[in-house]
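Let me begin by presenting the structure, written as structure tokens, before commenting on it.
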There are 2 protein chains.
Amino acid sequence: MARKLSTLDPQRLDNQICFAVYSAAHAFNRVYKPLLDRLGLTYPQYLVMLVLWERDDVPVKEIGEKLFLDSGTLTPLLKRLEAAHLVKRTRSREDERQVMIALTAQGHALKEKARSVPQSILAASDCSVSELVAMKDEIIALRDRLNAVIGE
Amino acid sequence: MARKLSTLDPQRLDNQICFAVYSAAHAFNRVYKPLLDRLGLTYPQYLVMLVLWERDDVPVKEIGEKLFLDSGTLTPLLKRLEAAHLVKRTRSREDERQVMIALTAQGHALKEKARSVPQSILAASDCSVSELVAMKDEIIALRDRLNAVIGE
DNA sequence: GGCAATTAGATTGTGTGCAATATAAATCGG
DNA sequence: CCGATTTATATTGCACACAATCTAATTGCC
């Protein structure tokens, strides 16, 4: 009876999906860390590289839209990637407000070294691909509903 | 056909469950922010308060275990909660290594003001409670499998 | 009992995230 | 075509996260 009450209490930590998501994100980060250390990347830097490996030479804005990050986060991060010789930042000629981000040869080459990362994560997840895909789609749908609320 | 290939490419951003979780965590944070601003709390501080509202007067270690956070994160956070007069930090008499965290009267009182937060989040999720509970359980199971790998 | 190993927190340094603000370039309305 | 607004990025300040290191207290082992 006491147990039944507590499993329904919305103010209990264990009943909050947000904490589940929050703590899962940190768990992923900890699994990624040793893999990304070998590449010399942090996880957010890895995300930026994923964007660029899909489509090179994009404005900061586009990276921000794909990753849901703003310039306050991206500007210093991109400067660090530039200092690591993985990307080049250039003011766009057509629109001087934009800064275009392009991979260097090293940045391109890193894609190969990163190829094994996803399967290591899959192994750590200890879960079938189809289950993961289903979860991913649910989580993305939830995220998009949340983001819709933020825009009012 | 090209579409089929890209939906299978494990190096694509959209195919990564980790990014789904990462971006959902940020989306949650943005929904929580205005609600928690009224309480004068950040989201991690709110998590600590949730722990204390369940069980008061616990060592830092126990908070860390429940939230998967270490002293490097908790020490300054708890000092800020103390500065806000929500908790009191006291060295344990029995074990001088431990610092016990106890709610102040203000800290206790805040629980009432926070009562409406979970339902606001539920509304923003735009999703049935049973669906959310199912997702939460799946995500927690995944998190626990990931954390198991980290311990080797 | 005494010394090594362990444990709990604190500290330092680096890298996000994000709000708020600043700046410069582009666009829009009259 | 000119001033007002909008847009893209940069900057500043604050609060996490976490690795690495440090200190002090406790436990284990002989």
Side-chain angles (χ1 to χ4, degrees), chain A residues 19 22-34 36-37 39-49 58-65 67-84 86-87 89-101 147 150, chain B residues 19 22-34 36-37 39-49 58-65 67-84 86-87 89-101 147 150:
Chain A
F19 176 63
Y22 167 90
S23 55
H26 290 326
F28 266 119
N29 216 335
R30 286 191 284 270
V31 174
Y32 269 102
K33 180 132 204 337
L36 296 182
D37 276 351
L39 306 178
L41 295 174
T42 64
Y43 182 68
Q45 288 168 7
Y46 172 67
L47 290 179
V48 169
M49 295 304 285
V58 293
V60 173
K61 181 93 197 305
E62 187 173 323
I63 298 175
E65 280 165 0
L67 302 182
F68 306 96
L69 296 173
D70 67 6
S71 71
T73 302
L74 287 175
T75 297
L77 187 158
L78 290 167
K79 283 182 176 175
R80 280 187 283 271
L81 286 181
E82 187 172 45
L86 295 174
V87 307
R89 299 160 64 249
T90 348
R91 284 269 159 204
S92 164
R93 196 70 51 76
E94 306 102 65
D95 185 340
E96 291 275 347
R97 293 171 305 179
Q98 295 190 18
V99 171
M100 305 299 289
I101 308 298
N147 278 332
I150 294 162
Chain B
F19 176 63
Y22 167 90
S23 54
H26 290 325
F28 266 119
N29 216 333
R30 285 190 285 270
V31 174
Y32 269 102
K33 181 132 203 336
L36 297 182
D37 276 351
L39 306 178
L41 296 174
T42 64
Y43 182 68
Q45 288 169 7
Y46 172 68
L47 290 178
V48 169
M49 295 304 285
V58 292
V60 173
K61 182 90 197 308
E62 187 173 322
I63 298 175
E65 279 165 2
L67 302 182
F68 306 95
L69 295 173
D70 67 6
S71 72
T73 302
L74 287 176
T75 297
L77 188 158
L78 290 167
K79 284 182 178 175
R80 279 187 285 269
L81 286 182
E82 187 173 45
L86 295 173
V87 307
R89 298 160 65 246
T90 347
R91 282 270 160 204
S92 163
R93 197 69 52 75
E94 306 102 65
D95 186 340
E96 291 274 348
R97 292 170 306 179
Q98 295 189 14
V99 171
M100 304 300 289
I101 308 298
N147 278 333
I150 294 162

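Letters go in sequence order (proteins before strands), and every chain restarts at 1. What you see is a predicted model, and the numbers here were worked out from it, not measured in a lab.
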Polar pair under 3.5 Å, donor/acceptor by atom type, side chain [X], base [N]:
X	N	answer
B:S71	C:dA10	yes
A:R97	D:dT9	no
B:T42	D:dA15	no

Starting the side chain at C-beta, find the nucleotide from [options] nearest to [X].
X	options	value
A:P59	D:dT9, D:dA17, C:dT16	D:dT9
B:P44	D:dC18, C:dA19, D:dA17	D:dA17
B:E96	C:dG17, D:dA25, D:dA8	D:dA25
B:T73	D:dA17, C:dC18, D:dA8	D:dA17
A:Q98	D:dC18, D:dA24, D:dA8	D:dA8
A:V99	D:dT9, C:dG9, D:dA19	D:dT9
A:Q45	C:dG15, D:dC18, C:dC18	C:dG15
A:K79	D:dA17, C:dG9, D:dT11	D:dT11

Are any of the side-chain heavy atoms of B:K61 and B:Q98 separated by less than 4.5 Å?
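Heavy-atom side-chain distance check fails, nothing below 4.5 Å.
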How close or far is atom [atom2] of [N] from atom [atom1] of [X], stated in whole angstroms?
X	N	atom1	atom2	answer
B:I63	C:dG9	CD1	P	9 Å
A:K33	C:dT16	NZ	C1'	13 Å
B:E94	C:dG9	CD	P	12 Å

Could you tell me the separation between the CG atom of B:L74 and the CG atom of B:L81, rounded to the nearest 0.5 Å?
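Rounded to the nearest 0.5 Å, the CG-CG separation comes out at 9.5 Å.
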What contact category does A:L77 fall into here, base, sugar-phosphate, or nothing, at under 4.0 angstrom with non-hydrogen atoms?
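Counting heavy atoms under 4.0 Å across all strands, the contact made by A:L77 is with sugar-phosphate only.
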Looking for any heavy atom pair under 4.0 Å, which part of the strands does B:N29 touch: base, sugar-phosphate only, or nothing?
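No contact.
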Does [N] have OP1 or OP2 sitting under 4.0 Å from an N or O in the side chain of [X]?
X	N	result
A:R80	C:dT16	yes
A:R89	D:dA10	yes
A:R91	C:dA25	no
A:Y22	D:dA17	yes

For B:E65 and B:E62, indicate whether the former's side chain and the latter's backbone hold a donor-acceptor pair under 3.5 Å.
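A pair under 3.5 Å: no.
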Backbone of B:I101 reached by a side-chain donor or acceptor of B:R89 within 3.5 Å
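A pair under 3.5 Å: no.
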Going by the angle between their ring planes, with limits at 30° and 60°, are B:Y46 and B:Y43 parallel, tilted or perpendicular?
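The arrangement is tilted - the two ring planes meet at 30° to 60°.
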